[in-house]
Every structure is written in structure tokens, then in C-alpha cells.
Protein chains: 2
Amino acid sequence: MRLVIATCSVDYDGRLTAHLPLAKRLLLVKADGSVLVHSDGGSYKPLNWMSPPCAMAEVEPDDLEAAEGVAAVWVVQHAKSEDRLRVRIHEVHHDSDHELGVDPGLVKDGVEAHLQRLLAEHITTLGDGWTLTRREYMTPIGPVDILCKDARGATVAIEIKRRGDIDGVEQLTRYLELMNRDPHLAPVTGVFAAQAIRPQARTLAEDRGIRCVVLDYDALRGIDSSEHRLF
Amino acid sequence: MRLVIATCSVDYDGRLTAHLPLAKRLLLVKADGSVLVHSDGGSYKPLNWMSPPCAMAEVEPDDLEAAEGVAAVWVVQHAKSEDRLRVRIHEVHHDSDHELGVDPGLVKDGVEAHLQRLLAEHITTLGDGWTLTRREYMTPIGPVDILCKDARGATVAIEIKRRGDIDGVEQLTRYLELMNRDPHLAPVTGVFAAQAIRPQARTLAEDRGIRCVVLDYDALRGIDSSEHRLF
DNA sequence: ATTTTGATGTCGAAA
DNA sequence: TTTCGACGTCAAAAT
């Protein structure tokens, strides 16, 4: 990985045409030849870039560029398309190279899916005598996370979110409206379960007669006997 | 902008939970406090990151971390949510700081918009006697780029793309189907106009009776008297 | 290999 | 401020 801080202008031509006026920026050249142009702000998206597979070549500035003070020109050409990037470097403030090796990669915990599985396996945490009917119960407008029955045998639909927000309550409400129109299922009550429930979401849910449950991920995981240290 | 090459592990906790095992990576700290973690490959998207507004604080490793060889810990906390990033640094291989200043920002040439304006102003390039009805003609499923009439007075819908691809033909087809169900408009024919049209897209379009037109941007701009060197 | 779907999407414009 | 759609979307899963 090569890191260059340089005063430069950049032109991209491909699916669109874009231009970056002369300014001081970070140029990041990765081992696969891809190039990122970053400014000191904004989001993680570079101002301009070239994705792999591509090749970076340093060429001599032409007469016009030389006259404008361009010291070096990078041409980055995509291998499979006509996309290309032209970086005109006026001044280099920093230039260093670093050997990084292959990255082991990101591990994403599917928290919502995991919560659903844990809660389904321990449905009695919602109340004694509760029984699981099924997970991912399909309806015409999408799957209900968990369908179960309470101690009295009444049907309950559960919506699970990592963060309990208004839109999750709205989603559960739509399911409940639909299911309560089905005489085989009605009456169906709702449970809104999340690791954290925002006050507005709680207010809305309770106003609609939906019970709110805050899930303790670690506690659920703790009582899960099948959890024998997977990683 | 601070550039650090370090052997580190990273944990993100927020909308999801994610973990990066110990490896040598680039840590990029921007002036606004945002942090990007990049490996030497992949796309322009970092392995992990924190978007502004956020604050980065360097804290002492706890006993457990110290025992594992952690030399320093960065905690990056988002200002408006519970999202946080924890970077455990084992070894620093490079650390440099650079003053970049404010970036003048990206200039995107709105080529498609420009093409639309130019073609609307020179609609007769499609045929003598053709007349413009309007640009951005609204339908319930979106705006038709240009609506016009041919020499015989029949309505024509034009879809304009920089690159003529299958999906552009599908889009125009949807418009034509809809408009031809309207007795006030029907019959409506279609023109698919682009700077370059892929063979598959041309085949599909012509199979559906849609005329394909390759636009010459420079020629259209050349005949445009209003184009008096804007930049 | 191709299509569809989700994203810590991001980003900008319109309402 | 919120909503909506497009993106140089990208990337993974499903077909």
C-alpha cells in the first residue's frame, strides 16, 4: 500500500465525467492497483477512485500540463471497461510504501437472526406456558419473525429488531391488522422485542396494545445450552 | 489527516456487531474525527469505519488488553447514536499527520442532463418536421425524458442514456405500455437515444419496434449556438 | 455465470 | 426535517 499526500487535480471519465480541481489530497494506491482519492472530510467514500481490476501507470506530463506546473501524471485504467482516472500531480508532500499482507477479513455477527433463534428456543422467557408455533411465519406482506401461543392458547406475533424503532412498530401493526382479518388466526396480539426500544416506539406500540420486551442478548445466550463457544 | 499503519484488531458495535482479527492495516483519521480502516485490497469501502459526526479518543488498554499485548486503544464514538468503534493497536509501523485544508469538491458533468437539453433544443436531428412537446413528461411511473411529435404528428417518447443498456430499453418499454393505454396519447412510438448502445440493448429495442439513435455529444454541442464556452 | 437482494449502504433533491 | 430515488452503487446469496 502506497500513501501519497499531494497537491493534485483529478479527472474521471467512464460512466460519467467528473473533475477535481487542484488541491492537497491523499492518494492511496492498493496492492491490486486500485486507487482512492480522499479529502480530509466527508464520508468513507473517496472523492474519486478506480476499482480493481485496474492498472496504474505513471506517465510524463504533456507540454500543456508541464507548462501548468504538473510534475507527474498517473493514468489508472480499468481492465474491463473504458473507465479511466487521470491524476495530475503538482507537488508531493509525502510518499511512503507499506507491506500489509492479506487481511483475514471482517466477521459480521448476524445479531437480529441470532436473537430470533435464541428467543424462539427460549420462548418461555416471555411467559410461562408459552409455546412456539413457528419462526418466519409467512404472510402476503412478508414474514412474521415469530408466531407463538401464550399460556391461554391465544396467538401472538413477535417482531424482533436489534434497535426498536417506530418503523418496526408500524411493520408489526401491519401484520397484526392482516392476521386479525383471518378468522382462523384472530385474535392475534403483538410483542415488539428489541435489545433497546426508543421511547417514541414504545409509546406508539403500547398505545396500540402491543407489548414491548427488551431482550438481553447476553442473558439469552447464557441460558442457551447449545452455545458451546463457537468462536 | 492522520495516517497510521498499525497491527490492530477492530470491533464495531452499532447497527450490527462486527470484528476484525489482528492484522496490519491502514488507519485513517480525518480532521472531522471520522476513522477509516483499510486493508491492502478490496473496494473503496473500508473494512470498518465511523462516519462523522463522531469523536476519537485514545484510552489506556485495560488489564486484559494489556496482557494480550495491546499498546493503545482508540475509542471512536458517534455523536448522535450508540455506534462505536474500538481499535486495539498492538504495534505502530507508521504514523504521520498532514494538513490538507478544505477541498473544493467534486464537479460532476451532468452528461445525461446535458444531452437531454441539447437534444430537446435540436429535436429536428431526429427528423425534419419533428416538434418538441415537453421535457420530463410526468407519468405515474416516472418522467419520460422527452415527449415530441414526428413529421406526421404522431407522439414519440424518447429515453436518453449516456450508455445504452438493456435496463434503459426496459424503462422506455414500461413508459410506452402505459402511455399506449391512454386513448388521448396513443399511438406512442419510442426512441432510445444514447452516446453508445450495446448490441443486446439494440436488438431488444428494435425487436420491440423502438428506434435506436446514437447521439454525437460533440456534434450536438457544436450546432448549439448557445454554447459559448462555459468552462 | 447470471440474477436478485441487502447495505453500518451513501448522496442529493424535493416536499 | 423527512422522504424518495439514483448510484461510477458494491457485494453476497440464490438461481
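All chains are named by letter (A, B, ...) in the order of the sequence lines, taking the proteins before the strands, and each is independently numbered beginning at 1. Owing to the predicted nature of the structure, the values given are computational and were not obtained by experimental measurement.
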Over how many whole Å does the gap from B:Gln171 atom CD to D:dG5 atom C1' extend? 12 Å
Sticking with atom P, work out how far D:dG8 lies from C:dT5, rounded to a whole angstrom. 22 Å
Partner residues of A:Arg134 under the side-chain hydrogen bond (donor to acceptor under 3.5 Å, both in side chains) criterion, sequence neighbours left out: none
Check side-chain hydrogen bond (donor to acceptor under 3.5 Å, both in side chains) between A:Asp11 and all other residues, then give those that pass, not counting sequence neighbours. A:His19, A:Arg88
B:Asp32: which residues meet the salt bridge (charged side-chain N to carboxylate O under 4.0 Å, His left out) condition with it, sequence neighbours left out? none
List the residues meeting side-chain hydrogen bond (donor to acceptor under 3.5 Å, both in side chains) with B:Arg211, not counting sequence neighbours, and say none if there are none. none
Residues of residues 31-53 of chain A with a heavy atom under 4.0 Å from any atom of DNA chain C, listed by number, are A:Ser43, A:Tyr44, A:Lys45
Distance-only criterion, 3.5 Å: show the donor-acceptor pairs between side-chain atoms of residues 75-87 of chain B and protein atoms not counting sequence neighbours.
from	atom 1	to	atom 2	distance (Å)
B:Gln77	OE1	B:Arg84	NE	3.2
B:Gln77	OE1	B:Arg84	NH2	2.8
B:Gln77	NE2	B:Ser81	O	3.2
B:Gln77	NE2	B:Asp83	O	3.2
B:His78	ND1	B:Lys80	N	3.1
B:His78	ND1	B:Ser81	N	3.3
B:His78	ND1	B:Ser81	OG	3.4
B:Ser81	OG	B:Asp83	N	3.2
B:Ser81	OG	B:Asp83	OD1	3.2
B:Asp83	OD2	B:Tyr12	OH	2.8
B:Arg86	NE	B:Glu65	OE2	3.1
B:Arg86	NH2	B:Glu65	OE1	3.4
B:Arg86	NH2	B:Glu65	OE2	3.2

Rounded to the Å, how far apart are A:Lys80 NZ and D:dC10 C1'? 15 Å
Would you say that B:Leu204 contacts B:Arg208 through its side chain, given a criterion of any heavy-atom pair below 4.5 Å between the two side chains? yes
According to the side chain to side chain donor-acceptor pair (under 3.5 Å) rule, which pairs have a member within residues 36-45 of chain B, sequence neighbours left out? A:Lys30-B:His38
For B:Asp103, check salt bridge (charged side-chain N to carboxylate O under 4.0 Å, His left out) against everything at least two apart and list the hits. A:Arg25
Give the first and the last nucleotide of DNA chain C, reading 5' to 3', that has any atom under 4.0 Å from a heavy atom of chain A. C:dT8 to C:dC11
Rounded to whole Å, OH of A:Tyr12 lies from P of D:dC7 at a distance of 12 Å
In whole angstrom, give the distance that lies between atom CD of B:Glu159 and atom P of D:dA6. 11 Å
Say we look at C:dT8 and C:dT4: how far apart would their P atoms be, to the nearest angstrom? 22 Å
